[in-house]
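Reminder, nothing fancy here: chain letters follow the sequence lines and each chain counts from 1. Predicted model, so just to flag it, every value in this text is computed and none were measured.
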Amino acid sequence: MEEPKEQFKNFIQEFIEEDLQDTSKLATRFPPEPNGHLHIGHAKSINLNYSLAKQYGGTFNLRFDDTNPAKESMEYVESIIEDVKWLGADYDDRLFFASDYFDKLFEYAIVLIKKELAFVCDLSPEEMQNYRGTFTESGVESPYRNRSIEENLKLFLEMKDGKYKDGEKTLRAKIDMTSPNISMRDPVIYRISHTNHYRTENKWCIYPMYDYAHPLEDAIEGITHSLCSIEFENNRPLYNWFVENVGFENKPRQIEFAKMQISNTIMGKRYLKKMVDDGLVSGWDDPRLPTIKGLRRRGYTAEIIKEFCNNTGISKSDSVIDISLLFHFARNTLKKQVPSIMAVIDPIKVVITNYPENEIQSLRIENNSEVDMGIRTVSFGKELYIESQDFMENPPKKFRRLSLGTEVRLKGAYFIKCNEVIKDENGKVIQLNCTYDALTLSGSGFNARKVKGTIHWVAAGAIESTLNFYENLTDENGNFNKESIRTVKALVETSIENFECNRFQFIRHGYFVKDNVNYTKDNPVYNCIVNLKSSY
RNA sequence: AGACUUGUCGCCAAGCGGUAAGGCACAGGGUUUUGAUCCCUGCAUUCCUAGGUUCGAAUCCUAGCAGGUCUGCCA
């Protein structure tokens, strides 16, 4: 990934430059809990942390914050590693696990106990809630708050040794029950959970809480700037309290910024999980999902995601980015690197009545994408297909495509004129009988008359493909919209076989990618990844 | 209600006391063998509101208003 553009130099960079006399000492991290798959919101954080480190010549760590064994698994670890690598965030050998720090974290808790800054509490969850107070009333100190250091040490060791059941005791920080900031009201730092951890298995039955573990993990790794989302703002004093009181020399700075939301897009982990579990989508890599795996399968490249992340800005204000911006960066990136070919999604048969039977011509067509993909050869014959939308029997005034009696150019081929419309018993147009003018071949220099428009076409015998259109999952009210899923067949020009790339622009239909999962030569499947704007 | 925090165009977002960048979207014009792409042009006398300080305020002060977060032994 490249460094962010200069105009997006923001408050985070100001902190960095203010705090570090030598900015190459910058150390950032991406600290996911392995309890789900990454989505584009995570990509933004990954990109930020990684590109900042890269920009200043600092370091970037990937750390799994696996302090809650109930939700975590190796499957998620592997998935996250795969996605982080695919996104291009190179963490080198700097892969860490909070669970590798469990011994240290335990020792630090003992330090706190010895400093009389932590105590073992016997309050039940309900009691603790009552003692905590409310937004306006201060809390009440736990009756166990003044146990001696020796007793706390003994009890804490017993907790560790499995003498107590889940929920029976906790280790709490001794801070201030009257603080207006509720996260400072003697927060729990260790809880008992006789749960198998996917890495440490049954070695531990007590696990550190996020609020305690996270700042210390950062401090241990020498992180200088700990970026997190805005909901941790209230926890910052606590973050600093732990680093300070455990006695770390390295004091990371926590900086919060707003999570990215995208319009009409479901990003919440639990909602994504529900859709996967309920079978509304085919899996975490369903191309309709904003997961990294989904986007990848949908045809997005890491570069598109990077561009999107780099150009949407970082701030503290709640923001919902319009999904059209994502589409814009997809188009903008791909148009520079993919060939455009002709494909007909909703075909009408065209018969060129004055064209010789059984004569197949090879026409050389220039690519009209930005990249020079050379000149390709496409067969042209008596029967072909055009887009049904490109024909109107009774066209409005400004219609520039084919209608009865008018002449248009077939892209890269000849002028044709429609003379007869054939309909089925329901009045649906099923065939157009046209004539062509052999003098008008593309590239022949013919200019005796002009034509209002050019349309794409595909010769009979082209590859038939299935196009899966994936649209937004929700309607304008945010409700899940099953109707938005549809599969469409399309005819694709045969020359597609000659292209080695797997992404194409289908003129006026958008960008498509061969779906690696389902693709076979006999049954090619393309996913529509972005619809072009179409104004007709 | 208490603490913390945010409020600049339809959506993002620069701006940090010197007279409102940029992108998306939108609208108009031009080029075009596709109504795409490309190229122009337009798009906040005004920065949540009201006062105040100042030669000068989106930027500083005061008071309001609106949104977000926090009362898990989740992260």
Integer angstrom distance from the [atom1] of [N] to that of [M]:
N	M	atom1	result
B/A57	B/G52	C1'	11 Å
B/G67	B/U8	P	14 Å
B/G23	B/C38	P	13 Å
B/C12	B/G2	P	29 Å
B/G7	B/A58	P	16 Å
B/A63	B/A3	P	13 Å
B/C16	B/G29	P	38 Å

State whether [X] places a side-chain N or O below 4.0 Å from either non-bridging phosphate oxygen (OP1 or OP2) of [N].
X	N	answer
A/R236	B/U69	no
A/S317	B/A13	yes
A/T312	B/C12	no
A/R508	B/U37	no
A/H456	B/U34	no
A/K411	B/U34	yes
A/Q505	B/U37	no
A/T67	B/A75	yes
A/K316	B/G68	no

Looking at A/R236 and A/E256, does any basic side-chain N land under 4.0 Å from a carboxylate oxygen?
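Looking at A/R236 and A/E256, the cut-off is met.
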
Are the ring of A/Y210 and the base ring of B/A75 both nearer than 5.5 Å at their centres and tilted by less than 30°?
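It does not: the two rings, one from A/Y210 and one from B/A75, miss the stacking criterion.
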
If you take atom types as modelled and just measure distance, does the side chain of A/R401 reach the base of B/G35 with a donor-acceptor pair under 3.5 Å?
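Under the 3.5 Å cut-off, the side chain and the base do form a donor-acceptor pair.
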
Check this for me: does the side-chain of A/D318 come within 3.5 Å of the base of B/U6 through a donor and an acceptor?
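Per atom types, no contact qualifies.
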
In this structure, how many angstroms lie between the [atom2] atom of [N] and the [atom1] atom of [X], rounded?
X	N	atom1	atom2	answer
A/L238	B/C74	CG	C1'	15 Å
A/M392	B/G35	CE	C1'	14 Å
A/Y239	B/U69	OH	P	23 Å
A/K398	B/U34	NZ	P	20 Å
A/F415	B/U34	CZ	P	13 Å
A/M342	B/A36	CE	P	19 Å
A/D390	B/A36	CG	C1'	12 Å

For A/F380, enumerate each residue passing the ring pair (Phe, Tyr, Trp, His ring centres under 6.0 Å) test, keeping only those at least two apart in sequence or located in another chain.
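So A/F380 forms a ring pair (Phe, Tyr, Trp, His ring centres under 6.0 Å) with A/Y355, A/Y414, A/W457.
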
With sequence neighbours left out, what residues match A/F156 under ring pair (Phe, Tyr, Trp, His ring centres under 6.0 Å)?
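Counting only residues at least two positions away or on another chain, A/F156 forms a ring pair (Phe, Tyr, Trp, His ring centres under 6.0 Å) with A/F106, A/Y190.
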
What about the rings of A/Y210 and A/F232, do their centers lie closer together than 6.0 Å?
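Yes: the rings meet the under 6.0 Å criterion.
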
Taking A/I323's backbone N and O only, do any of them form a donor-acceptor pair with A/S263's side chain (distance below 3.5 Å, no angle check)?
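Yes.
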
A/N49 (side chain) donor-acceptor with A/S45 (main chain) under 3.5 angstrom:
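It does hold such a pair.
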
Tell me which nucleotide among B/A25, B/U33, B/A75 gets nearest to the side chain of A/R331.
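Nearest listed nucleotide: B/A25.
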
Quick one: label [X] by what it contacts on the DNA or RNA (base, sugar-phosphate, nothing), any heavy atom closer than 4.0 Å.
X	answer
A/G167	base
A/F232	base
A/L123	base
A/N234	base

Does any non-hydrogen side-chain atom of A/H39 lie less than 4.5 Å from one of A/M260?
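Counting from C-beta outward, A/M260 and A/H39 never come under 4.5 Å.
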
A side-chain contact here means heavy atoms from C-beta on lying under 4.5 Å apart; do A/S340 and A/F504 qualify?
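Sidechains of A/F504 and A/S340: no contact.
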
Starting from the C-alpha separation in whole Å, work towards a yes-or-no answer on ring-ring contact (aromatic ring centres under 6.0 Å, His included) for A/F506 and A/H456.
CA-CA 10 Å; A/F506 288 178; A/H456 55 275; 9.5 Å; no

RNA chain B contacts made by residues 178-187 of chain A, counting heavy atoms under 4.0 Å:
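The answer is A/P180, A/I182.
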
